[in-house]
Engineer: 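Below is the structure I would like to discuss, written out as structure tokens.
Here is how names work: the chains are called A, B, and so on, in the same order as the sequence lines, proteins then strands, and each is numbered from 1.
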Protein chains: 2
Amino acid sequence: MDEPPERLTTKPSWLISQLAVYVRRLAFEGFAAAGARGYHYRILAALHEFGPASQAELGRRCRVDRSDVVAAVGELAGRGFVERTPDPGHGRRNRVTLTEDGLRQLRRMDEVLDRVQDDLLGPLSAEDRQTLTRLLGRVLAHHEPH
Amino acid sequence: MDEPPERLTTKPSWLISQLAVYVRRLAFEGFAAAGARGYHYRILAALHEFGPASQAELGRRCRVDRSDVVAAVGELAGRGFVERTPDPGHGRRNRVTLTEDGLRQLRRMDEVLDRVQDDLLGPLSAEDRQTLTRLLGRVLAHHEPH
DNA sequence: CCCTAGTGTTGGTCCCACCAACATCGGGTC
DNA sequence: GACCCGATGTTGGTGGGACCAACACTAGGG
């Protein structure tokens, strides 16, 4: 494979972007077997960790736009992984709940992602992995508040 | 801002993906002022570093699909940043050349990206930046060959 | 009571990554 | 020289992810 310009390969922004491409491809291929995609995992994970939630809350937690939550929850509900019921007492709000099947789907996707992490960080020692994760976490956390 | 599920925040794949979102947004906003986008920078950078090239070679170097190179080179040519001429002696191949205006555009985009790196790695010390860049580079290099 | 903030929903945009198919040309082999 | 293979340019399409604007509706505070 031809080498990219040095202008790119020395920039952290390029490294992150290109690695993200790799991550997306690995996750996409893994999720495809389960007929799922990234948004589904985020939402299932949030429901499992924080319990039933409104769509707006799911969007905020998962960094997904409200309008995209509508579609994703619709897809999940269509396959029985999630139940969307009107919030009693709160006219407009919905209450999204994780089902048993949804929990099983979440576990399947967890296994996929575990393999993705191993594949991704393959060349690094356990110590380097920890260092990398810590640094990435610090950088992301710094930009998260806003 | 609500916190995302721990299932996500502890995974390197999530950290990289979310940071990539941040990077893209920063770069997009910066490039917008110059009426450009990411593919343009990659191509201009390759032309500057390696000289005139065919579209296929640009695609390989910049990790851009052949068909997308067509569009990007067309846009760059339309604004005079690049010249697309048939390769003499090589019937089908094109020869893409960087112009003076193109070089100026490249320098503008360089400044934008320099600011992006600073913004991105703001919270890290010079030493941590180097460590992070080195680790990311190693991981990417490991997955690059193929 | 009104006004604001929050919610669900529709419908669209953009960038990036990728694929299939086709016509065309080059360079090799037989 | 005829033939096939691979590379090239191009068209057109797909999909995921991240957005934005607008609307209808509700809850709650001033």
Side-chain angles (χ1 to χ4, degrees), chain A residues 2 8 13-14 16-32 34-43 53-75 77 84-96 143, chain B residues 1-2 4 8 13-14 16-32 35-43 53-75 77 82 84-96 143:
Chain A
D2 291 341
L8 297 181
S13 63
W14 167 262
I16 289 174
S17 296
Q18 286 308 107
L19 276 179
V21 171
Y22 212 79
V23 165
R24 284 179 210 279
R25 188 160 51 217
L26 288 176
F28 178 77
E29 290 170 358
F31 289 166
R37 59 193 182 93
Y39 278 6
H40 297 169
Y41 180 74
R42 302 195 203 174
I43 290 175
S54 72
Q55 299 181 183
E57 186 188 345
L58 289 175
R60 281 188 300 266
R61 286 208 183 281
C62 305
R63 273 62 177 164
V64 172
D65 191 271
R66 294 204 315 266
S67 60
D68 298 318
V69 175
V70 175
V73 167
E75 291 157 8
R84 172 161 44 187
T85 58
D87 188 326
H90 229 316
R92 191 151 189 72
R93 198 175 308 178
N94 283 339
R95 179 184 165 88
V96 182
H143 295 294
Chain B
M1 182 66 86
D2 289 341
L8 296 180
S13 63
W14 167 262
I16 288 174
S17 295
Q18 286 308 107
L19 275 178
V21 171
Y22 212 79
V23 165
R24 284 180 210 279
R25 188 160 52 218
L26 287 177
F28 177 77
E29 289 169 357
F31 288 166
R37 58 195 183 92
Y39 278 4
H40 298 169
Y41 180 76
R42 302 195 204 175
I43 290 174
S54 72
Q55 298 180 183
E57 186 187 344
L58 289 176
R60 281 188 299 267
R61 286 207 182 281
C62 304
R63 273 62 176 161
V64 173
D65 191 270
R66 295 205 311 270
S67 60
D68 297 319
V69 175
V70 175
V73 168
E75 291 158 7
V82 131
R84 173 162 44 188
T85 58
D87 188 326
H90 236 318
R92 190 148 189 75
R93 198 175 309 179
N94 282 338
R95 179 185 165 86
V96 183
H143 295 294

Engineer: Considering every strand and a 4.0 Å limit on heavy-atom distances, what is the contact class for A:Asp65: base, sugar-phosphate, or nothing?
Structural biologist: base

Engineer: Rounded off to whole Å, could you give me the CH2-to-P distance for the B:Trp14 and D:dG17 pair?
Structural biologist: 11 Å

Engineer: Whole Å only: how far is the CZ atom of B:Arg37 from the P atom of C:dA17?
Structural biologist: 10 Å

Engineer: Rounded to the nearest angstrom, tell me the gap between atom CG in A:Asp87 and atom P in D:dT26.
Structural biologist: 14 Å

Engineer: Return yes if the base of C:dC16 and the side-chain atoms of B:Asp68 contain a donor-acceptor N/O pair under 3.5 Å, otherwise no.
Structural biologist: no

Engineer: Rounded to whole Å, please give me the gap between CZ in A:Phe31 and C1' in D:dG15.
Structural biologist: 15 Å

Engineer: On DNA chain D, compare the nucleotides closest to A:Arg92 and A:Arg42; which residue's is nearer the 5' end?
Structural biologist: A:Arg42

Engineer: Please determine which of A:Val64, A:Val70, A:Ile43 meets the side chain to side chain contact (heavy atoms under 4.5 Å, CB included) test together with A:Gln55.
Structural biologist: A:Val70

Engineer: Using whole Å, report how far CG of B:Asp2 lies from P of C:dG6.
Structural biologist: 12 Å

Engineer: Can you tell me the distance, in whole Å, between the CZ atom of B:Arg60 and the P atom of D:dT8?
Structural biologist: 5 Å

Engineer: Report the distance from atom CZ of A:Phe28 to atom P of C:dC19, rounded to the nearest whole Å.
Structural biologist: 10 Å

Engineer: Under 4.0 Å, heavy atoms only, any strand: does B:Val21 hit a base, just the sugar-phosphate, or nothing?
Structural biologist: sugar-phosphate

Engineer: Look at the side chain of A:Asp65 and the backbone N and O of A:Ser67, then say whether any donor-acceptor pair between them is shorter than 3.5 Å.
Structural biologist: yes

Engineer: Counting side-chain heavy atoms from CB outward, which of C:dC18, C:dG8, D:dT10 is closest to B:Arg66?
Structural biologist: D:dT10

Engineer: If every non-hydrogen atom of A:Trp14 is compared with every non-hydrogen atom of B:Cys62, which pair is closest and at what distance?
Structural biologist: CH2-O, 4.0 Å

Engineer: Check every strand shown and say whether B:Gln18 touches a base, only sugar-phosphate, or nothing at a heavy-atom separation below 4.0 Å.
Structural biologist: sugar-phosphate

Engineer: Set out, in order, the CA-CA distance, both residues' side-chain angles and the distance that settles side-chain contact (heavy atoms from CB on, under 4.5 Å) for A:Arg42 and A:Arg63, then state yes or no.
Structural biologist: CA-CA 9 Å; A:Arg42 302 195 203 174; A:Arg63 273 62 177 164; 4.2 Å; yes

Engineer: Choosing from D:dG12, D:dG16, C:dT9, which nucleotide comes nearest the side chain of B:Ser67?
Structural biologist: D:dG12

Engineer: Give A:Tyr39 one of three labels, base, sugar-phosphate or nothing, depending on what nucleic acid heavy atoms sit under 4.0 Å from its own.
Structural biologist: base

Engineer: Quick check: closest heavy atoms across A:Ala72 and A:Tyr39, and the distance to 0.1 Å?
Structural biologist: CB-CB, 4.2 Å

Engineer: Determine: side-chain N/O of A:Gln55 to OP1/OP2 of C:dT9, distance under 4.0 Å, yes or no.
Structural biologist: yes

Engineer: Have a look at A:Ser54 and say if it touches a base, only the backbone sugar-phosphate, or nothing, with a 4.0 Å heavy-atom cut-off.
Structural biologist: sugar-phosphate

Engineer: Over how many whole Å does the gap from A:Arg93 atom CZ to C:dA5 atom C1' extend?
Structural biologist: 12 Å

